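Read the structure below first, then the notes.
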Number of protein chains: 2
Amino acid sequence: MARVQRDGGDDSAPTTELPAVRDQGPPAVNGRANGRGAPMPADKVRAIPEAAVARLAVYLRVLSGMAEQGAVTVSSEELATAAGVNSAKLRKDLSYIGTYGTRGVGYEVDVLTSEIERVLGLTRQQKVAVVGIGNLGHALANYGGFPGRGFPVEALFDVDPDLIGIPVGGLPVNHIDDIPDICAKRKIAIGVIATPPTAAQAVCDRLVEGGVHCVLNFAPVVLQVPEHVEVRKVDLAIELQILSFHVARNAEQRVSRRTAAARASSNGEVV
Amino acid sequence: MARVQRDGGDDSAPTTELPAVRDQGPPAVNGRANGRGAPMPADKVRAIPEAAVARLAVYLRVLSGMAEQGAVTVSSEELATAAGVNSAKLRKDLSYIGTYGTRGVGYEVDVLTSEIERVLGLTRQQKVAVVGIGNLGHALANYGGFPGRGFPVEALFDVDPDLIGIPVGGLPVNHIDDIPDICAKRKIAIGVIATPPTAAQAVCDRLVEGGVHCVLNFAPVVLQVPEHVEVRKVDLAIELQILSFHVARNAEQRVSRRTAAARASSNGEVV
DNA sequence: ATCTGTGAAATCCTTCACAGCG
DNA sequence: CGCTGTGAAGGATTTCACAGAT
């Protein structure tokens, strides 16, 4: 067995679930007295909230846009607006990675950029394998935007014999049976699953076998993985259904507001 | 100008409000007059946490898989495991939509399925438009899996003159200038943006002009939208960067654990 | 005996608001 | 004076743990 169910998505949503750092010490839980003002032992890089990590990636993108336009410094207010958050949240997020701002002025775009890159581990390249070279797999393999050259695609896999050996985006397609071998040899860090749902779990197992610890899953299934493996999912159906919920909710709100208005007006009230 | 920055991504938003079920408006939307499952006090039917909505969609998928395999009832523990959450969370989530379980037994698969569908608004069809018919757009337009017949794709748009008029997945491509008109005429509920980042904001503005209130954004930009519009984003780059963060973190943990172990063993401690 | 439904506690995240630096 | 950095307050979400139904 040894399978643990976890998901990364959405998360999201928000939903983003943290890898449960479950330390089940026999005695009490760790006194999480995170010494605030006290400088913490450099040993322990303190946890950055999962939600903040996701936003740091957004800030990074916004910053790179600003750099292109020649911006040298930026205030928390500007950056926050461009990133779609409020400025208090942005400052709090940045405070998790250190203090790189100048009071009365703002942040230097390039300093902030490289600090975020450092925290996100973007200074090393993470090799990516894409499994499932259908419509979506093609899109992913060609995604010039596997962005900022931090995530080179270094292996492609499919079952279809007609695809094996064919180069896609300059890289030949291998058979999924070779996943464990090839991933291990090429030291693939991240596996992207773009297969039909029925194949996804088997593919995932082989990726794990090949030493892959991080999986990005586009297949509409919940993957079961061992504890040390991190899965994030991108799920079209679920995104649509969440939007659907909001449509329904808004429709109902509109109805009940209209009813209220009608009732009020028939009472001579002003709404 | 009245742009409000919000994003739908995997961040958590305040809990969404469900319609106040006040007195019966017109024939109205909330047919929650189910005699069998206990609805729940009208003034308590207020809000379903955003995070729970996302998971309800997951449960729905797991349930449909179970139904296919002939399952009639399911316990919270089984369903939770299959969905990758713990059972307390699952039960809490289900409690937001009513009480449809049987103590000592579990839930009936078909009852639960239709109740979740009802809450998510999947009883009505939501028409979808896809903008940007590149690799990804193709994948989306052909996605037989715009799943469970709840989300028919009813309009396609692109700028490329060579594409206009060409049918993709049985539907002709229109020019993006026609977005407002066509969306309004066909009563599109959800717009999916699969354009290059530079075009995304303009496309989004036109969708909103056409009366679209929900947007699913695949372009790597933060969209600015009016308040009444709901945006969710799917961002490959950000997903990869979040995974990258976990790679980095795990690497550090592994290092520090090794150091700790070394230190401990040189002290004769047991780890 | 088993499994749901749910208050209450614990945890995680966001927002406020202001001290303090440049 | 303007803007950052951050305790503290306020919410939201998750987990606990158990009463109660079958």
Side-chain angles (χ1 to χ4, degrees), chain A residues 6-7 10-24 28-40 46-56 73-81 84-108 111-112, chain B residues 6-7 10-17 37-41 44 46-56 73-81 84-108 111-112:
Chain A
R6 295 225 322 278
D7 75 78
D10 120 86
D11 265 309
S12 186
T15 308
T16 315
E17 278 191 17
L18 224 190
V21 179
R22 274 265 176 271
D23 70 344
Q24 69 305 31
V29 207
N30 59 351
R32 95 182 256 75
N34 181 2
R36 207 74 265 343
M40 52 182 59
R46 250 334 122 110
I48 300 178
E50 186 71 9
V53 172
R55 286 188 300 264
L56 285 171
T73 64
V74 63
S75 72
S76 63
E77 192 58 45
E78 290 170 314
L79 186 48
T81 302
V85 302
N86 73 35
S87 65
K89 195 191 284 187
L90 176 128
R91 288 199 302 277
K92 184 64 99 180
D93 287 344
L94 293 183
S95 79
Y96 294 123
I97 71 173
T99 73
Y100 301 104
T102 307
R103 289 169 196 238
V105 180
Y107 304 88
E108 282 184 50
V111 171
L112 208 45
Chain B
R6 295 224 325 277
D7 74 73
D10 61 337
D11 68 336
S12 47
T15 69
T16 51
E17 268 192 23
M40 86 183 356
K44 262 229 151 183
R46 268 282 142 114
I48 299 180
E50 184 72 9
V53 172
R55 286 188 300 264
L56 286 171
T73 64
V74 63
S75 72
S76 63
E77 191 59 44
E78 290 170 314
L79 186 48
T81 302
V85 303
N86 74 34
S87 65
K89 195 190 284 184
L90 176 125
R91 288 199 303 277
K92 183 66 100 180
D93 287 345
L94 293 184
S95 80
Y96 294 123
I97 70 173
T99 74
Y100 302 103
T102 307
R103 291 173 194 232
V105 179
Y107 304 87
E108 281 184 51
V111 171
L112 208 47

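The sequence lines fix the lettering, A, B, ..., with proteins before strands; numbering per chain opens at 1. These figures come from a predicted structure and were not determined experimentally.
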- Query: Given atom CD of B:Glu77 and atom P of C:dT4, what is their separation to the nearest angstrom?
  - Reply: 9 Å
- Message: Regarding D:dT22, can its base be found pairing with the side chain of B:Arg103 as donor and acceptor, where the two atoms are less than 3.5 Å apart?
- Response: no
- Item | 5' priority, DNA chain C, between A:Val105 and A:Ala52 [closest heavy atom] | A:Ala52
- Query: B:Glu50 CD to D:dT13 C1': how many Å, rounded?
  - Reply: 12 Å
- Item | C:dG5 OP1/OP2 closer than 4.0 Å to side-chain N/O of B:Tyr107 | yes
- Nearest-nucleotide pick for A:Thr99, side chain only, options being C:dG5, D:dT6, C:dT15: D:dT6
- Message: Looking at D:dT4, I'd like to know if its phosphate oxygens (OP1 or OP2) sit under 4.0 Å from a side-chain N or O belonging to A:Ser76.
- Response: yes
- Query: Under 4.0 Å: is that the gap between some side-chain N or O of B:Asn86 and OP1 or OP2 of D:dT15?
  - Reply: yes
- Gap separating the OG atom of A:Ser75 from the CG atom of A:Leu90, nearest 0.5 angstrom: 9.0 Å
- Calculate the interatomic distance between A:Leu94 atom CG and D:dT6 atom P; express it in whole Å. 11 Å
- Message: Could you tell me how far apart B:Ile48 (CD1) and D:dT14 (P) are, to the nearest whole angstrom?
- Response: 14 Å
- Check the distance between D:dG5's C1' and A:Leu112's CG and give it to me in whole angstrom. 14 Å
- Given atom CD1 of B:Ile97 and atom C1' of C:dG5, what is their separation to the nearest angstrom? 13 Å
- Message: Rounded at 0.5 Å granularity, tell me how far OH in A:Tyr107 sits from OG1 in A:Thr102.
- Response: 9.5 Å
- Rounded to whole Å, NZ of B:Lys89 lies from C1' of D:dA17 at a distance of 18 Å
- Query: Which of these nucleotides, C:dC18, C:dG22, C:dC16, is closest to any side-chain atom of A:Arg91?
  - Reply: C:dC18
- Start with the C-alpha gap between A:Leu79 and A:Leu112, add the side-chain angles, then the distance that decides, and say whether side-chain contact (heavy atoms from CB on, under 4.5 Å) holds. CA-CA 11 Å; A:Leu79 186 48; A:Leu112 208 45; 3.9 Å; yes
- In Å and rounded to the nearest 0.5 Å, what is the NZ to CG distance from B:Lys92 to B:Asn86? 12.0 Å
- Message: So, does B:Arg55 get its side chain near the phosphate of D:dT14, meaning an N or O under 4.0 Å from OP1 or OP2?
- Response: yes
- Message: A side-chain contact here means heavy atoms from C-beta on lying under 4.5 Å apart; do A:Tyr96 and A:Leu56 qualify?
- Response: no
- Proximal nucleotide (of D:dA8, C:dA8, D:dT13) relative to the B:Lys92 side chain: C:dA8
- Which whole-number value in Å describes the distance from B:Leu90 CG to C:dT6 P? 14 Å
- Query: Between D:dC16, C:dC13, D:dT13, which one does the side chain of B:Ala51 approach most closely?
  - Reply: D:dT13
- Of the listed nucleotides D:dG5, C:dT15, D:dT14, the one nearest the side chain of B:Tyr96: D:dT14
